[in-house]
Amino acid sequence: MRISSTSFLCLCVLGLLLMAAGCTQSQPDTAASTPGSPEPGNYTSNETLVAFVESAVAYAHANGKEKALAEFSDPNGTFVQGELYIYAYDFNNVALAHPFDPDKISVSRMDELDAFGNPYTRQFIDAAKNGFGFVRFYYINPAHNRTVESKLGYVVKVDEDWWLGSGTYTGPAPTPVHTSPATIPDLTGNWTASMAGYEESMGFSDYPTVTMTMTMTISDQHDRIVSGYTVFTTANGTETRTPIAGVIGRDGRTLATAEQDGGYCFGEIVGPDEIQLTYLQDGPQYGVAIDSLKRI
């Protein structure tokens with residue numbers, strides 16, 4: 001598993017801690033000066049939203065990028081219609097045009113989250129790379145006392161360099177469910193694993209212990225934060241040791257870690273003496289694995 005003929009590709013311990021659904025967000029794509037949103041119950045249709053964005057793409061193709069960006073950034077331009085307006089981005093999520101938030105132009109918004117902590121800007125990129133698509137996200141509505149509402153975005157790729165989008169509010173956001181943190185398990189100690197997986201260089205394997213063993217040591221834990229290392233030992237006694245750090249989820253059953261050499265695993269804390277991990281490695285030496293760890 002995370003070992004090739006010349007190097008050790010290890011990442012360990014599990015993810016799924018996206019738990020914090022707090023209502024924090026940076027400046028929204030709908031700035032406070034957003035023009036009139038529809039009255040409650042009178043929302044823009046999906047068909048109108050799609051037609052609006054596609055008309056902007058046609059304008060860009062017909063008039064060129066420079067003229068189109070100037071038009072899309074004009075708050076009094078033809079592409080501001082009620083709550084609808086066009087924003088333009090490149091594929092690094094750097095804003096190219098925005099009629100109501102000019103300070104965002106030339107700024108990357110790749111890591112922005114919506115009001116529920118969802119990476120909606122990255123979802124825009126994914127949809128645009130596919131040519132077009134809808135993205136559901138949750139944003140403050142300046143026209144309704146800045147309350148968080150559900151919003152539907154629609155994006156279309158103009159060419160390989162940039163894309164356009166717009167969005168419409170579709171009603172109140174669902175009420176987030178807040179739960180109390182679960183009891184945090186103590187993971188300190190030594191763990192040994194049986195493994196099964198697939199590597200580009202060797203295909204499927206169950207990594208028999210006669211050829212390679214894996215151990216994980218959690219040497220320190222502070223509340224939900226852990227640190228330690230993994231060791232892979234080959235049949236000839238060669239050891240590869242990689243420092244790791246991780247976070248236990250609020251549910252007390254999930255864990256995510258980062259490794260010194262880059263990479264990650266995700267999985268479940270099955271019980272006080274058992275962890276199931278799923279390992280992923282992308283790149284030229286790609287691979288996947290399932291680790292079943294038992295406390296030693």
Side-chain angles (χ1 to χ4, degrees), residues 25-39 42-115 118-144 149-171 173:
Q25 69 180 76
S26 28
Q27 288 295 324
D29 245 333
T30 59
S33 55
T34 300
S37 294
E39 292 301 315
N42 184 24
Y43 299 107
T44 303
S45 70
N46 291 0
E47 292 78 8
T48 298
L49 174 61
V50 169
F52 181 66
V53 177
E54 290 183 346
S55 70
V57 173
Y59 181 90
H61 285 155
N63 293 276
K65 186 174 183 178
E66 182 177 355
K67 182 176 180 180
L69 292 178
E71 182 67 19
F72 300 151
S73 292
D74 183 357
N76 298 310
T78 56
F79 288 96
V80 175
Q81 300 177 14
E83 71 164 340
L84 297 179
Y85 59 89
I86 292 295
Y87 40 82
Y89 287 81
D90 67 18
F91 282 93
N92 292 314
N93 257 352
V94 174
L96 304 177
H98 199 298
F100 301 108
D101 210 347
D103 291 341
K104 291 293 186 182
I105 294 177
S106 298
V107 175
S108 175
R109 304 178 71 178
M110 184 68 81
D111 296 323
E112 281 193 17
L113 305 177
D114 72 4
N118 302 309
Y120 77 104
T121 59
R122 291 181 180 271
Q123 293 170 339
F124 281 160
I125 287 286
D126 292 340
K129 285 181 177 179
N130 287 328
F132 60 90
F134 290 97
V135 175
R136 172 73 59 187
F137 58 109
Y138 301 96
Y139 241 70
I140 60 172
N141 187 342
H144 294 164
E149 295 187 5
S150 178
K151 192 169 186 181
L152 186 66
Y154 182 72
V155 300
V156 177
K157 180 169 71 173
V158 180
D159 57 33
E160 297 303 318
D161 295 326
W162 60 304
W163 56 272
L164 303 179
S166 187
T168 175
Y169 290 99
T170 60

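Fair warning: this is a prediction, and the values are worked out from it, not measured in the lab.
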Trace of the side-chain contact (heavy atoms from CB on, under 4.5 Å) decision for Phe134 with Leu152: CA-CA 7 Å; Phe134 290 97; Leu152 186 66; 3.6 Å; yes
With sequence neighbours excluded, residues passing side chain to side chain contact (heavy atoms under 4.5 Å, CB included) with Val107: none
Qualifying residues under side chain to side chain donor-acceptor pair (under 3.5 Å), relative to Ser106, sequence neighbours excluded: none
From CA spacing to verdict: side-chain contact (heavy atoms from CB on, under 4.5 Å), Val155, Val53: CA-CA 7 Å; Val155 300; Val53 177; over 6 Å; no
Step-by-step side-chain contact (heavy atoms from CB on, under 4.5 Å) determination, Leu84 to Thr48: CA-CA 10 Å; Leu84 297 179; Thr48 298; 4.2 Å; yes
Pairwise distance CZ(Arg109) to NE2(His98) - rounded to 0.5 angstrom: 6.0 Å
Pairwise distance CG(Leu96) to CD1(Ile105) - rounded to 0.5 angstrom: 8.5 Å
Qualifying residues under salt bridge (charged side-chain N to carboxylate O under 4.0 Å, His left out), relative to Arg136, sequence neighbours excluded: none
Separation of Ile140 CD1 from Tyr169 OH (nearest 0.5 Å): 7.0 Å
Side chain to side chain contact (heavy atoms under 4.5 Å, CB included) against Asp74, all qualifying residues, sequence neighbours excluded: Asn76
Results of side chain to side chain contact (heavy atoms under 4.5 Å, CB included) for Ala68 - residues two or more places apart only: Tyr59, Ala60, Phe72, Trp162
Derivation and outcome, side-chain contact (heavy atoms from CB on, under 4.5 Å), residues Val80 and Phe100: CA-CA 10 Å; Val80 175; Phe100 301 108; 3.6 Å; yes
Ring centres under 6.0 angstrom apart (Tyr154, Phe52): no
Thr121 side-chain N/O to Met110 backbone N/O, donor-acceptor pair under 3.5 Å: yes
Residue pairs fulfilling salt bridge (Lys or Arg N to Asp or Glu O under 4.0 Å) with at least one residue in residues 158-167, sequence neighbours excluded: Lys157-Glu160
Nearest atoms (heavy-atom pairs only) where Ala127 meets Gly133: CB-CA, 4.0 Å
Inter-residue atom distance Tyr139.OH - Ser150.OG, 0.5 Å rounding: 13.5 Å
Partner residues of Thr78 under the side chain to side chain contact (heavy atoms under 4.5 Å, CB included) criterion, sequence neighbours left out: Glu71
Euclidean distance, Asn118 CG relative to Gln123 CD, rounded to 0.5 Å: 6.0 Å
For the student: nearest non-hydrogen atoms of Gly153 and Phe124, plus distance: CA-CE2, 4.4 Å
Contacts of type side chain to side chain donor-acceptor pair (under 3.5 Å), residue Asn93, not counting sequence neighbours: none
Of all pairs that satisfy salt bridge (Lys or Arg N to Asp or Glu O under 4.0 Å), the ones with a partner from residues 118-127, not counting sequence neighbours: Asp111-Arg122
Closest non-hydrogen atom pair between Ile86 and Ser166, with its separation: CD1-CB, 4.2 Å
Val57 versus Leu164, closest heavy-atom pair with distance: N-CD1, 3.7 Å
Straight-line distance of Glu149 CD to Thr170 OG1, nearest 0.5 Å: 8.0 Å
Residues that Ser108 engages under side chain to side chain donor-acceptor pair (under 3.5 Å), provided they are two or more places apart: none
Distance-minimising heavy-atom pair for Ala88 and Leu69: CB-CD2, 3.7 Å
Side-chain donor/acceptor of Asn92 to backbone N/O of Val94, under 3.5 Å: no
